[in-house]
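Worksheet: the structure to be examined is printed underneath.
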Protein chains: 2
Amino acid sequence: MQESKKKKCTVRFEPSGLKAEVQCGTSLLEAAHKAGIYLSSICGGDGYCGKCKVIIDDGQFQSRPTTLLTPDETQQGIVLACQTKALSDIIVTVPKSHTLESSQILMDATAHRFSELAGEVRAGVFEFDPLVQKIFIEMSPPTVHDHTADHERLYLAIREQIDAPIMQTGFRILQKLSRLLTGCGYKATVTIGRRDQTTEVIEVEAGNHSGRNFAVAVDLGTTTVVAHLVDLTKAVTIDSEATYNSQINFGEDYIRRIIYAEENDAFDEMQNRIVHDVNDLIVTLAARQRIDLQEITTVICAGNTAMVHFLLNLDPTRIRREPYVASAGFVPPIRAAEAGIQINKRGLLYCLPSVAAYVGSDIVAGVLTTRIFTKKGISLFADIGTNGEVVLGNRDWLVCASSSAGPAFEGSGVKHGMRAGAGAIERLNILEDGSIEFKTIGNVHPVGICGSGLLDTLAEFFVNNIIDRTGRFNSNGEVRLTEGDEGLQFQLVPQANEHHEIVITQADIDNLIRSKAGVFAAIQVLMESTQIKLQDLDAIYLAGGFGNFLNVRQAVTIGMLPDIPLEKIHFVGNTSIAGAKTVLLSRKALKAAEKIAGSMTYFDLMSHPKYMDEFMRAKFLPHTDLSLFPSVRNVKCET
Amino acid sequence: MQESKKKKCTVRFEPSGLKAEVQCGTSLLEAAHKAGIYLSSICGGDGYCGKCKVIIDDGQFQSRPTTLLTPDETQQGIVLACQTKALSDIIVTVPKSHTLESSQILMDATAHRFSELAGEVRAGVFEFDPLVQKIFIEMSPPTVHDHTADHERLYLAIREQIDAPIMQTGFRILQKLSRLLTGCGYKATVTIGRRDQTTEVIEVEAGNHSGRNFAVAVDLGTTTVVAHLVDLTKAVTIDSEATYNSQINFGEDYIRRIIYAEENDAFDEMQNRIVHDVNDLIVTLAARQRIDLQEITTVICAGNTAMVHFLLNLDPTRIRREPYVASAGFVPPIRAAEAGIQINKRGLLYCLPSVAAYVGSDIVAGVLTTRIFTKKGISLFADIGTNGEVVLGNRDWLVCASSSAGPAFEGSGVKHGMRAGAGAIERLNILEDGSIEFKTIGNVHPVGICGSGLLDTLAEFFVNNIIDRTGRFNSNGEVRLTEGDEGLQFQLVPQANEHHEIVITQADIDNLIRSKAGVFAAIQVLMESTQIKLQDLDAIYLAGGFGNFLNVRQAVTIGMLPDIPLEKIHFVGNTSIAGAKTVLLSRKALKAAEKIAGSMTYFDLMSHPKYMDEFMRAKFLPHTDLSLFPSVRNVKCET
C-alpha cells in the first residue's frame, strides 16, 4: 500500500467513460470531480450523508467502514465514493440516479437569461445592495488611549463603511470575537445580513475574504426545483441546476401532498424531501464551481405558498380547507441551518412573501420581475405551472387569483408529458401535407413532450381539425389515430429501435383544455371585476416552465390568453427564480416584493359566483364566445 | 405502605427544628417548603439537579433510586429530598451548605427599598413599559372574506395594542402558530420582548396568561450575587435572595479568577459557577413564591465587566492586560437558555451596558438610579465593592475611574470580615470609658463584621487613638491589643461559649486604608482633571454592600469621601440591582442606561501620571493634607 501511494492510477467512470488520472490513494469522489462527474454528495465528502454511492467494477481499492451501506449493497460492490481510495487503475460505475447530468440541458435552456438579469441589476433598476454582504474592515487595535471594547470597535468600523442604524450580533460571534480580532491584528471580514433598518453581523472571519461571497436563488416548484448560483460580489449568475421535486411520490399537486402528510403524519418527511432537493442542487453547484459551502452565505426561495410551508415545516393544512389560510405570508429571514439547508452554518434563508394560500411568492417574484407594479398601463401576468395564477393591474392597483386547473402544461397528467429537459419536444408543427415537424431540446431523439410542445400540439390539432372545438378527436380516418389502452390516441412519433412511440391521448387533451380554461376563466373574472376591457390591456406576460421557446400565438389560438396584438404578449420564462435573484441582489427589491405582497388584492375563485360559468365557457377551443377571439377565427378560416 | 399514605406524618428539620405536618407519602422537598426551609433545588423537584441533599436521621421513608448520589453518600443516609417520601414521622438534617437561610437577613435589609422603587417607576420618572410584556389578544378567526395568514393576523392584533413598527418572530413560534391559534379560537397570550424599535414575539400561548409575568433582576457581584423577583404586571418587587459568588474559590477578586481561568482553561467552569449561582437564586425565589419557572420571562443583570464576561463566557483575558479592553461593552439581549439560565425556555437575558474594562454595568446602573445624569448640579458617585469605582458629573458630562484597591469593605481580606448577613457587626461605637458598643444584623451574637462595621471600626480606632494617622496600632498599654498569629491584633469581641472571638489585625487595618485611599485618590484625579472644587459638589452618593445603615460621617472621618456637609452625602445601598430593576420596568430606562454607558469618559488610573501620588497621600488618616478635611480636624480636637 505504501508503494501504491506513490503511483498514479486512472479512474474510469461508467457509463460515461470519463476518466481521471490521480495519485493512488485519492478518493473516488475527488477523482469524480476531476473527471467532470458530479456525484450527489450533501456532506461534501465527510462520509455521513451516504449519497455518493458508486459500484466498483474492477481494480484495487480501500474503503472505510460505514453504517450507511446495507450488507446487500456491500455485497454488490457498492461503496461510498468519498470514503473509498483508488489503489490501482480502477473502473467504477455511477448509478444513473446518482448523477445530476440528466438535468444539464434544462440548465442551458435557462442560461441565456443570466447575463440579462445581472445586467439589469447593475443598470440600477434596483440599486445593487445585496441582502448579505461581506466587508473587509481594518481597525486600529486598542491602545491605552483607546479602550473601546471589541464589539463596539467592530460596530464603529462597520458603520464607517455602510449605513447601519440598528445592529445585532449573534451570541456565538460575540463569544469568539476578542480572540479572533487579536489573532488577526484587527483585520477581519464581516458578513452582514440586512433587512429593513436592521443589520445583523452573521459572521466575522480573520483576514480578507470579501471577494468570496456566494448565494443561491431557488424556485421551489411543485414539480421542479431550480437553483441559480450567484456571485454576490460581482452581481452575476455563474451556474444553475434543476431537479424534480422528490415530494412527487406523495402526490402530483400540493393539495394531495398536504392530505398525504396529514394522513400519515409525514410533515417532517415532506420537509426532508424538499430540503434534500435544495441541498442536492446547492452541493452540485458548489462542487462544479469549486466553491466551499461555507462561502455560500444566503439562500433565497420563491415558490407557491404550500411549498414554502413544506420547506419551513409550517403548518400547511389549512391551505386546503375553507377559508384557505396560510400559516404565514411573510416569513422572517432565518438561519438556513434551522431549516436544514447546508450552507455557511450561520448563513441566512429568506423566503419571499406570498399573497394568499393560492398565490405564492413565485407570483410576487413574477410581478417584481415583469415590473407591472411600476407601470402606468395595465398588464396581465399569468404563470402556468402546477396551478395557473393570474395577476392584473398597474402601479396603482393589483388583483390576483389562482385557478387550480392542474399541471398539464408542466407535462404532468399527460401520458408522454415531461419537463423541459433533453429529448423533450419543445416545438411542433403540422405541415400542409399532414406530416409532423418537431424540434427536441438537445436535438436528440424525442423521449416526451414538454409545455411549449403541448401548447403547439393542442393548437395544431385544433387548427388542423384533428380535434373539434370541444377537444374530441375527429374520427376522420386519420391513420395515426388509434385505439390505445386509454381510448383514442394520436401517434406523434412512432417507435424506433429502443425509443418508445410518443402519443397524445384523449385524456391528455382534456387535461390540457382544463388547464387553459382555468387560466382564461381566472383572467375573465379579474378583468370583469375590475371592468378592464381587452383594449385596455397594454401587455400580457406569460411565465412558466414551458421550455425555451414558446409560440405565444398558440396560447391565444387555444384560448388560454386574451386575443390582443401578439407584439403585446411576452413569454418571460421562469420569473420565480428571476425575482428571487433580483431580491438577492438588492435590498430595495426585497422592500418592493414586500410591498407587492402586502398590497395585492386576492380573489378567491372557489367562492366566486362567476368563476364556474367562465370556466365552462372556456372549455371550448378557443371559447364558446368566438367574438372574444377574432384572430383565431381568421386562423381557422385560413386552414 | 398503603396504610401509611392515609396518615399524617410530622417532618422535623434539623438543625433549625422547623417542622411540617404533611400527608404521609409527601416528598421531603415539599415538606421543607411547607416548613419554611428553602432547600437549594435547581430542577424544581424533577430529580436531575441533585442539589436537595438531606440526611435522614430517623423514621421511615421511600427513596427513588438516583445516580446523583455516590454509594458513600447513600451509606451516610443522604437522600435527595425531592425523590424521597416520608412514610412516618421523620427527622431530617439539612446540611448547612444546602440551605439558603443564611442570606435571609440581608434580604430583609434591602427589602425596605422595594416599595420605594416600585413607586418611583409608577410615578413616571421612567414610563412603565417593561422590557418583556405579556398581552392577551383576541383575534377574529379567518373567514372566506378575510384570508389574512395567521402570522400577519397576529401582527395586526399586536399592533392594535402596542406601537411596534419592526417585529420579529422566532422560527419555532412560526412553526407552531397555526395549530395553536386554531386550537384556542384565536385567543392567545403573546409574550413580547422590546429593544429600540424592534419588538420580538418571544412566545405565543393559548388562552389568557397575561396576569402572570415575572422577571428577575440580578446584581452580579464579585463576592455576592443578589437577585430580586419582580412582578412585571404590577411593577412591584415581591421577593429577593442573595448568595456568595461561588467563583470565590478561584480567587477573591476577578483578576485572579481571570488568571486562574487562563492557566487552567477554566472559562467554562467559571461560567458554570456563576450561572449556577444565578439559577440557584431564581429557583429559590420561584419556589418560595409558588411561581413556575416558565412564568419568568426575563432576567436582567448588572455587574462589573468581568462578571458579565464570565456569565456569558465572553473572553475576559484582555481585561487584565494593557491596554485593558473588554470583549463587549454593549451586549445584545440573548435567550437566557443560551447562557444556561433556567427560566422560560424562550425568555430573554439582558445585561446592562458597561463603560470600560474596569467600569461595569453596575456603575451605569448606579448613575441611572441616582439620576446624576439628569441633574444640573455636579454629583459624585462612589461604589465601594471589590473595586472602588467613582463617577463625577452632571447632565452635561460624566467622567469615571476605577481604583482596584481591594474588597476590604466587602469583608474580604479582613480576618473576621463578612458580608452583611446574620450576626455581622454593622455598627460599632467606642464609648468614653473605652468600652465597645455594637449592633449586629438580626441582633444575634456577633460572628463577624461587615462593611459598615469596618468603616465604624477604622474611624473609631482613629478618633480614639487606637491607631495613628498611618494606621499603626498605638502600643499604649491597651489590654485588648495582643500579639496574634499575624502580629498585633485588637479584640473587639471576646470568645464566649461556642462563639469565637472577633479581632481586627494590623493587616486588616492596612487593607481597609488601602481601599479607602484608592477611592479617595480616584476622586481626586477626577476632580482635578475636571477642575471641580469641593464647594462645586452638590451631592455625594455612596453605594455598596456595606449593610443597612451606614454612618456617612465615618466615611469622611477616615478620608474616603471628600469633606462636604454631611447632608449632601447619601448612602444609596445596592444601586446595581436597583438600576437593573428600573431598566426591567421601563424601556426608556434601558435607553437611558445605554446613553450613560456610551457617553461617559473613562480615566485609566493605571496609566494616569497623578494617581499614584494621590494614592500615597491618601494612605494617611484622613490624608496627608489635613486642610482637605477641616471637619475631621474638629472631630479629632474634640476627642
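Chain identifiers are assigned alphabetically (A, B, ...) following the order of the sequence lines, protein sequences preceding nucleic acid strands; residue numbering begins at 1 within each chain.
Taking 4.5 Å as the limit, some side-chain heavy atom of B:Pro142 sits within range of a side-chain heavy atom of A:Arg318. Put simply, the side chain of A:Ser178 does not reach to within 4.5 Å of the side chain of B:Val325, judged on heavy atoms. Here the side chains of B:Arg179 and A:Ser327 are not in contact, with every heavy-atom distance at 4.5 Å or above. Using a 4.5 Å heavy-atom threshold, the side chains of B:Ile166 and A:Ile166 count as touching.
When heavy atoms are compared at a cutoff of 4.5 Å, B:Phe267 approaches chain A solely by way of its side chain, counted from C-beta outward. Only the side chain of A:Tyr602 comes within contact range of chain B, with at least one heavy atom under 4.5 Å from a heavy atom of that chain. With a 4.5 angstrom heavy-atom cutoff, A:Thr148 touches chain B only via backbone atoms. Interface residue B:Leu312: backbone and side-chain heavy atoms are both found under 4.5 Å from chain A. Within the 4.5 angstrom heavy-atom criterion, only side-chain atoms of A:Arg172, from C-beta onward, approach chain B. Residue B:Arg195 does not touch chain A at all, counting heavy-atom pairs closer than 4.5 Å. With a threshold of 4.5 angstrom between heavy atoms, B:Gln168 approaches chain A through side-chain atoms but not through N, CA, C or O. Only the side chain of A:Glu322 comes within contact range of chain B, with heavy atoms under 4.5 Å apart.
In this structure, the ring of B:Tyr324 has its center no less than 6.0 angstrom from the ring center of A:His147. Taking the six-membered ring wherever Trp is involved, the centroid distance between the rings of A:Phe330 and B:His151 does not fall below 6.0 Å.
Nearest heavy atom pair, residue B:Glu152 against residue A:Gly329, reads OE1-N, 2.9 Å. Counting all heavy atoms, side chain and backbone alike, B:Pro323 lies closest to A:Val144 at CB-N, 3.4 Å.
Taking 4.0 Å as the cut-off between side-chain N and carboxylate O, A:Asp315 and B:Lys176 do not count as a salt-bridged pair.
When atom types are taken as modelled, the side chain of B:Glu338 and the backbone of A:Phe171 share no donor-acceptor pair closer than 3.5 angstrom.
For A:Lys187, the NZ atom is densely surrounded, since the number of other residues' heavy atoms within 6.0 Å is greater than 12.
The candidate with the highest count of non-hydrogen atom pairs below 4.5 Å against chain A, out of B:Asn313, B:Val355, B:Val331, is B:Asn313.
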